[in-house]
Amino acid sequence: GENVEQHPSTLSVQEGDSAVIKCTYSDSASNYFPWYKQELGKGPQLIIDIRSNVGEKKDQRIAVTLNKTAKHFSLHITETQPEDSAVYFCAASKRGGFKTIFGAGTRLFVKA
Amino acid sequence: DVKVTQSSRYLVKRTGEKVFLECVQDMDHENMFWYRQDPGLGLRLIYFSYDVKMKEKGDIPEGYSVSREKKERFSLILESASTNQTSMYLCASNPGAEDTQYFGPGTRLTVL
């Protein structure tokens, strides 16, 4: 069935370093790829998304890249700060489908 | 600002009890979702609804039912709670199939 694999499950970086989280999806019909950040005690919130007609999107320190051929997409956070510490989920969905498939999550620790 | 609220942040119930989790969204969204979040497993879809009185099973519907009598409200029901239903439950909504999902803060349910 449809699947999204996410790596790594845990990531620890020093403040100021970059962090990269990678996801692979199985359904080639997927065309919408959001990334969510979940802080402690809160529900996930969208931080950036990308659609299949775009290869890269950037918003300040956050960027997402998409390789449709390889069915890979990645989240890049530059100049990490302690407040970036959270669980990050990648996800994929497709036109005409109601379901969003989520990755298992990456727990990011940013050490001050 | 989209707001999704859930009736309880923490809930403790006993095995065999009937449990109601309520979710309300204030943005007139068509779609509403119930997820279960467990460590290492990401977000798993229990049920979703794309219209009033309409419901569809997700990936793990066993032991759960739902009700959507009004557009803004989506309830998750555990007919007879069991210890393996101890988990974090997240409600979400979105206006369309390919749109961002907006999550509530979650209900942490413990079944003793």
Side-chain angles (χ1 to χ4, degrees), chain A residues 1-11 21-27 29-54 57 59 64 66 86-107, chain B residues 1-10 21 23-25 27 29-51 54-61 66 68 74 88-108:
Chain A
E2 300 154 349
N3 186 47
V4 173
E5 291 191 5
Q6 182 172 348
H7 298 281
S9 56
T10 306
L11 180 60
I21 302 170
K22 298 183 179 182
C23 290
T24 304
Y25 61 97
S26 61
D27 188 347
S30 298
N31 64 345
Y32 177 60
F33 306 92
W35 285 88
Y36 293 87
K37 175 183 180 181
Q38 185 177 26
E39 296 176 329
L40 201 60
K42 297 183 179 179
Q45 283 196 307
L46 179 80
I47 54 171
I48 195 167
D49 56 9
I50 191 168
R51 296 189 185 269
S52 59
N53 57 347
V54 174
K57 185 176 177 181
D59 182 5
V64 57
L66 172 64
V87 178
Y88 292 81
F89 292 97
C90 62
S93 64
K94 61 186 177 184
R95 184 174 295 116
F98 291 96
K99 289 172 61 174
T100 296
I101 310 299
F102 288 85
T106 296
R107 186 172 293 277
Chain B
D1 239 12
V2 177
K3 198 161 185 184
V4 179
T5 56
Q6 294 183 228
S7 51
S8 305
R9 294 300 304 273
Y10 300 94
L21 303 182
C23 174
V24 177
Q25 51 98 359
M27 284 303 291
H29 285 170
E30 301 294 329
N31 305 322
M32 295 188 75
F33 307 83
W34 275 106
Y35 293 92
R36 174 176 169 158
Q37 182 177 14
D38 299 290
L41 297 178
L43 304 177
R44 293 183 292 166
L45 182 64
I46 304 171
Y47 268 96
F48 67 96
S49 168
Y50 53 88
D51 201 352
M54 304 304 289
K55 59 186 179 184
E56 291 284 344
K57 292 180 181 179
D59 300 314
I60 52 165
V66 291
R68 194 167 180 200
F74 192 34
M88 170 70 85
Y89 290 88
L90 289 163
C91 174
S93 71
N94 72 0
E98 288 171 78
D99 291 311
T100 304
Q101 293 195 15
Y102 296 88
F103 286 85
T107 295
R108 184 164 294 282

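For clarity, every value in this text was computed on a predicted model and none was experimentally measured. Letters A, B, ... are given to chains in the order of the sequence lines, protein chains preceding strands, and every chain is numbered from 1.
For chain B, the nearby part of A/Ser93 is the side chain; its heavy atoms alone come within less than 4.5 Å. Residue contact with chain B, scored on non-hydrogen atoms closer than 4.5 Å, is absent for A/Arg107. Neither the backbone nor the side chain of A/Pro34 comes within contact range of chain B; no heavy atoms are under 4.5 Å apart.
Partners of A/Ser30 according to the side-chain hydrogen bond (donor to acceptor under 3.5 Å, both in side chains) rule, which considers only residues two or more places apart in sequence or in another chain, do not exist here.
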For residues 36-48 of chain B, dump all side-chain donor-acceptor pairs below 3.5 Å to protein atoms at least two apart in sequence or in another chain.
| residue | atom | partner | partner atom | Å |
| --- | --- | --- | --- | --- |
| B/Arg36 | NE | B/Asp38 | OD2 | 2.8 |
| B/Arg36 | NE | B/Ser87 | OG | 3.3 |
| B/Arg36 | NH1 | B/Tyr64 | OH | 3.0 |
| B/Arg36 | NH1 | B/Asn84 | O | 3.0 |
| B/Arg36 | NH2 | B/Asn84 | O | 2.7 |
| B/Gln37 | OE1 | A/Gln38 | NE2 | 3.1 |
| B/Gln37 | NE2 | A/Gln38 | OE1 | 2.7 |
| B/Asp38 | OD1 | B/Ser87 | OG | 2.8 |
| B/Asp38 | OD2 | B/Arg44 | NH2 | 2.8 |

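Distance check: A/Phe33 CZ to A/Ser52 OG gives 6.0 Å after rounding to the nearest 0.5 Å.
Listed for the B/Asn94 side chain is a donor-acceptor partner under 3.5 Å among the backbone atoms of B/Asp99.
With chain B as partner, the option from A/Ala104, A/Gly43, A/Pro44, A/Gly105 having the largest number of non-hydrogen pairs under 4.5 angstrom is A/Pro44.
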